Amino acid sequence: MREARPDAQPRQGVSHADDAQAGLASGEGALRARFGEYVRTGTPFGVLAVGVDNFDRINNLYSYAFGDLVLDKLAELVSDLLPEDAETLQFDGDCYGAIIPSVVDADALRALFARVLAETTAGFTIEGAVVAFKVSGGICVYPDNGLTPDELYRNLHIALIDAKRRGRGRCTVCTPELCEASHKTLLLMETLQACIAHGFEGFSARYQPIVDAQTEELHGCEVLMRWSDELFPEGVTPFEFIPYLEESGLIGMATSWLMDEAFEKAARWTAKDPSFVMNINLSKYVLDDPSFKFRIVETAKTHRVEPRNIMLELTESGMITDAADLGGTFDFLRSQGFGVAFDDFGTGYASLNLFRVIAADELKVDRSFLERITYDVNDQRIVSSIIDLCHRMNLSVCVEGVETEEVLGVVRALGADYIQGYLYDRPLDAAAFEEKHLDGRKQGKAASDVASLVYARAQPVQPLSPSELIDRAHAGVFQVAMDENFTFITCNEGYRRMLGYTAPEIATKLGNRALAIVHPDDMASVNEEIRRQLGQGDTVLIEFRIVRADGSFLWITGTGNVVRPKIGTPYLVVVIMDTDRFKRKSLRVAKELAMTRGILDDAPAAIKCLADDDRFTVKYLSPEFLAVIGYTREEVRDRFDNSYLNLMHPDDIPTALAAVKKAAKPGREFGLCYRLRASDGRLLWIETKTKLSEPDENGECYFVSVVTTVEGPNAQSGGLLLENRYQTASKSWGDVLFNLYVDTGIVEFTDNYENELGAPPRKTLAEQLALSPEADRAVIENSIEQAKRGEVPSPIEMRIAPKGDEEYLWCSLSVNCAETSEGEPTTVFGRIKNIDAEKRERDELVHESRTDLLCNVYNKITVESMAQTTLDHAGPDDHFAFSIIDIDNFKDINDRAGHLVGDRMLVSVAGALQEQDADKLVGRIGGDEFVTVEPCGASSADVLAHGEDVIERIARLCREEDPSVDLHTSMGIARFPEDGRSFYDLYKHADAALYLAKERGKNQVCLYRE
């Protein structure tokens, strides 16, 4: 907040206390002095404080001089709106106090504030810039809200702060309750500070169990901070004292204390159960300190706790505006072995953006989702979607706040991995937790013991009664009378769970009618099928849908048997199995098959599918193909015995079989040209594109073909007819078609060549190749040679300079070859497509996806991938220096010089890192951290000297960029292969070396081996 200027001249409409009279300059002293004058005369008055919301943003966005003009405008506005006998004084930098004599009506002051807010929100024009902002207000009246100047000033300040905390753009009237709450807050702040200064007096740790959702075995616990003091006999909740710790900057000290407590217990408890996991909360404000991540690592080493037994929970106590930096912090912690969790997801500032930039291991669903989850379908769907998303992203899910068996049943059914809540226990002190949840437990099971949990050795047990077995079965078992409604006689718990009803609800809501839960669309078929099958015997097998209590439906399969007792009427015993997942999958597959068949039938092309056997048995002929040859499917089956060879001209069969034998490989496309007999006696030349499928589950392969050309009886199989309907369409799409005659090297293009490529074509292959760069010519010639050998090469991308200059166009080239009946190549035909615009756009998008857009170096993902590739291909004598470079005190540069200057410094650092060695990989891994990977010698002294030169070069270039900024950097270096062979090993060790450089005073280089 900006300080008032003691030497400032009074603004128009702003009254400063007379120096001779008050002895004080304008500011809070002047305001209190004016209060004193009114109090001494006993004159009632009201005071309205108006403060600019987010004034720092105006200063940072424009300038401090511009901020002065904004305050001038606000002072002028407030003065213009006041009565003649009122006056305005500046205090607290961006705030003004308007004193209005004889006004003690808070509503009148509220109305005045509303007018000020309306004017500032509408905006001002200052030096050609339009600026709009909100203000907050506080109201006090004398004598109701204070009898002394200091008391009035303090209460006015309290009211203004309350308005800002409640959302800004608001006005708060001082009340006794507000003052009392402020007094309590102040007392809380002072007491907390004293307790921390005296070794964390009153602080304690509580431990709440976390259990496996399916087995209900202990998974671990969450450690929770508690605080109490005799000055607060009613107690202080974490929601009251933790926000103050965060705002005051004491949260780092408190978290360090809590980590020592928790890690010490974790060391003891993991000795009893090696799989035990201790969860500990980390506030976002703690992680703003770049060194805190190293403190976590050191604390784990001090207490000899394995990082895999610690889960660090990111709490949502503040707006997460630097998610990318947090992502880097958590990447480091995860690389050290710690787990990371998102806590209280669904509240506060939770955002799916966290998933994008922060890699995590677990998500904790907030308890607020459980309030209605037992009956609210929407809440169930939300939680189910969250769990499903997490599982797709390999995150486990812990649901917090589970307090009843009913809620447990729902969240367990939704797929939660872990449960935390009062159902299992409240937070306990360490001794009580250890005694209740750990003492007497067996050691954690090693991975090799997992199989024995499933296939356990049989042990003699007390057998369950038949009724208990039926109730515990994961299936529906019930007994119904054979009346019109199939009335329930008995119904087991498994079926009630399946339906979502309790036993009383089945009686009251369903009237004990078994048919009442059948889906309405299935009712008729169920009735008919039951009566039909019972008419033939005493067994019923039927599949249908039931409607659950929440309105959803479920596919089930029921098997019923009639029981005919000696006394009484027959009844039906039915076993119900939940087959919903399998039924939905089969329906989906059937739908997809029907859709695929429909697409094939409706496709505007002739398509066929043949078996890879000696008869080329027909599996499918599309309606279009049947229309070409003039036969029906039945005629192909009856007249030609479903053999495709019987449709072909006998003279073409040997050539076609030889071509198939030569070219057919699974997944590879090839072309064929042969004659077919049409139903009217004509011989049709058919040209096809064919591919042999991969073997299916039975090892069978199929030839799938699309007919590309159909020509009449006088057509020739060789050459390329440029005027048929397919090629005409191709020209209209912008494709250039050509013939290359193998024996002469002459090339003929369609007449749209010049229109598409901007210049006329060349007549021979050699002349045409001369228009492409030398690097592309070999690729083009190789593709043509493949076509000559009867292969179908994949399309290639190439460059053409149609005018013979250096302005290349990117094009796509596809070629094929027509053969004589003897199999010799005659003509290569192909297609050229101008893809220059889309190729350049695609290359630009690829570049953007791999590059940090500010610094024009590789981004984190790309540099990691390229560095690992470089290391994987390193020779036995290769050495590399892996460096992490961090700008010292970069936050101070941003705060002092502004973010624009900070951005320029980042760009300068990136340029300095890039300028020397073309073989160096340079990447920005987040915030003000860069990483480089470059070849180096075996001497550590040379590597260290090179690092020092890099630091000096960065400082020199940044001074040249902006002499007002004195920028320094620190560097940590790990060497390949001495310090590691993988990216993450080298990153971890270089990060540790960087930490050492920071500890030694910054602006220096450290090697990991130091």
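Just so it is clear, the structure is predicted and the values come from calculations on it, not from any experiment.
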Can you find a heavy atom in the side chain of [X] that is under 4.5 Å from one in the side chain of [Y]?
X: Ile139; Y: Cys174; value: no
X: Glu362; Y: Val340; value: no
X: Leu370; Y: Glu403; value: no
X: Arg206; Y: Asp429; value: yes
X: Phe292; Y: Leu282; value: yes
X: Phe930; Y: Cys855; value: yes
X: Ile196; Y: Leu245; value: yes
X: Val909; Y: Leu967; value: yes

Lys/Arg N to Asp/Glu carboxylate O, [X] vs [Y], below 4.0 Å:
X: Arg372; Y: Asp379; result: yes
X: Arg367; Y: Glu400; result: no
X: Asp288; Y: Lys284; result: yes
X: Asp162; Y: Arg170; result: no

To check you understand the geometry: which heavy-atom pair defines the closest contact between [X] and [Y], and what is its length?
X: Ser908; Y: Glu961; answer: OG-CG, 3.6 Å
X: Met225; Y: Ala254; answer: CE-O, 3.6 Å
X: Ala163; Y: Gly137; answer: CB-O, 3.3 Å
X: Leu48; Y: Leu109; answer: CD2-O, 4.1 Å
X: Phe66; Y: Ile126; answer: CE1-O, 3.5 Å
X: Pro243; Y: Pro238; answer: CD-O, 3.5 Å

Check the pair Ser136, Leu160 against side chain to side chain contact (heavy atoms under 4.5 Å, CB included), reporting the backbone distance first and the verdict last. CA-CA 7 Å; Ser136 296; Leu160 183 59; 4.2 Å; yes

Atom [atom1] of [X] and atom [atom2] of [Y]: how far apart are they, to the nearest 0.5 Å?
X: Met905; Y: Leu900; atom1: CE; atom2: CG; answer: 11.5 Å
X: Leu156; Y: Cys140; atom1: CG; atom2: SG; answer: 5.0 Å
X: Ile251; Y: Glu246; atom1: CD1; atom2: CD; answer: 5.0 Å
X: Asp80; Y: Arg115; atom1: CG; atom2: CZ; answer: 10.0 Å
X: Lys293; Y: Phe330; atom1: NZ; atom2: CZ; answer: 11.0 Å
X: Leu906; Y: Cys958; atom1: CG; atom2: SG; answer: 9.0 Å

Looking just at side-chain N and O atoms, do [X] and [Y] make a donor-acceptor pair shorter than 3.5 Å?
X: Ser291; Y: Asp289; value: yes
X: Glu222; Y: Asn281; value: yes
X: His968; Y: Asp966; value: yes

Would the Tyr142 and Phe35 ring centres measure less than 6.0 Å apart? no

One pair to check against side-chain hydrogen bond (donor to acceptor under 3.5 Å, both in side chains): Lys1002 and Asn889. What are the steps and the verdict? CA-CA 9 Å; Lys1002 305 181 180 180; Asn889 304 320; 2.9 Å; yes

Steps toward side chain to side chain contact (heavy atoms under 4.5 Å, CB included) verdict (Val130, Phe124): CA-CA 5 Å; Val130 177; Phe124 303 106; over 6 Å; no

Do Arg426 and Tyr422 meet the cation-pi criteria used here (NZ or CZ under 6.0 Å from the six-membered ring centre, within 45° of the axis)? yes

Given Glu37 and Arg34, is the salt bridge (charged side-chain N to carboxylate O under 4.0 Å, His left out) satisfied, shown in steps? CA-CA 5 Å; Glu37 294 174 9; Arg34 188 66 75 196; 2.5 Å; yes

Indicate the ring-plane relationship of Phe203 and Trp227, choosing parallel, tilted or perpendicular according to the 30° and 60° boundaries. tilted

Indicate the ring-plane relationship of Phe45 and Tyr38, choosing parallel, tilted or perpendicular according to the 30° and 60° boundaries. tilted

Go through Ser970 and Asp886 one step at a time and tell me if the side-chain hydrogen bond (donor to acceptor under 3.5 Å, both in side chains) criterion holds. CA-CA 5 Å; Ser970 298; Asp886 180 85; 5.9 Å; no

Please step through side chain to side chain contact (heavy atoms under 4.5 Å, CB included) for the pair Leu152 and Asp150, ending with a clear verdict. CA-CA 5 Å; Leu152 280 169; Asp150 284 344; over 6 Å; no

Check for a donor-acceptor pair, side chain of [X] on one end and backbone N or O of [Y] on the other, with a separation under 3.5 Å.
X: Glu151; Y: Leu147; result: yes
X: Asp53; Y: Gly169; result: yes
X: Asn279; Y: Met311; result: no
X: Arg924; Y: Gly927; result: yes
X: His157; Y: Tyr153; result: no
X: Ser79; Y: Glu76; result: no

Ile100 and its side chain to side chain contact (heavy atoms under 4.5 Å, CB included) partner, picked from Val47, Val141, Asp105, Leu112: Leu112

Run Val70 and Phe133 through side chain to side chain contact (heavy atoms under 4.5 Å, CB included) and show every step you take. CA-CA 10 Å; Val70 171; Phe133 52 88; 3.6 Å; yes

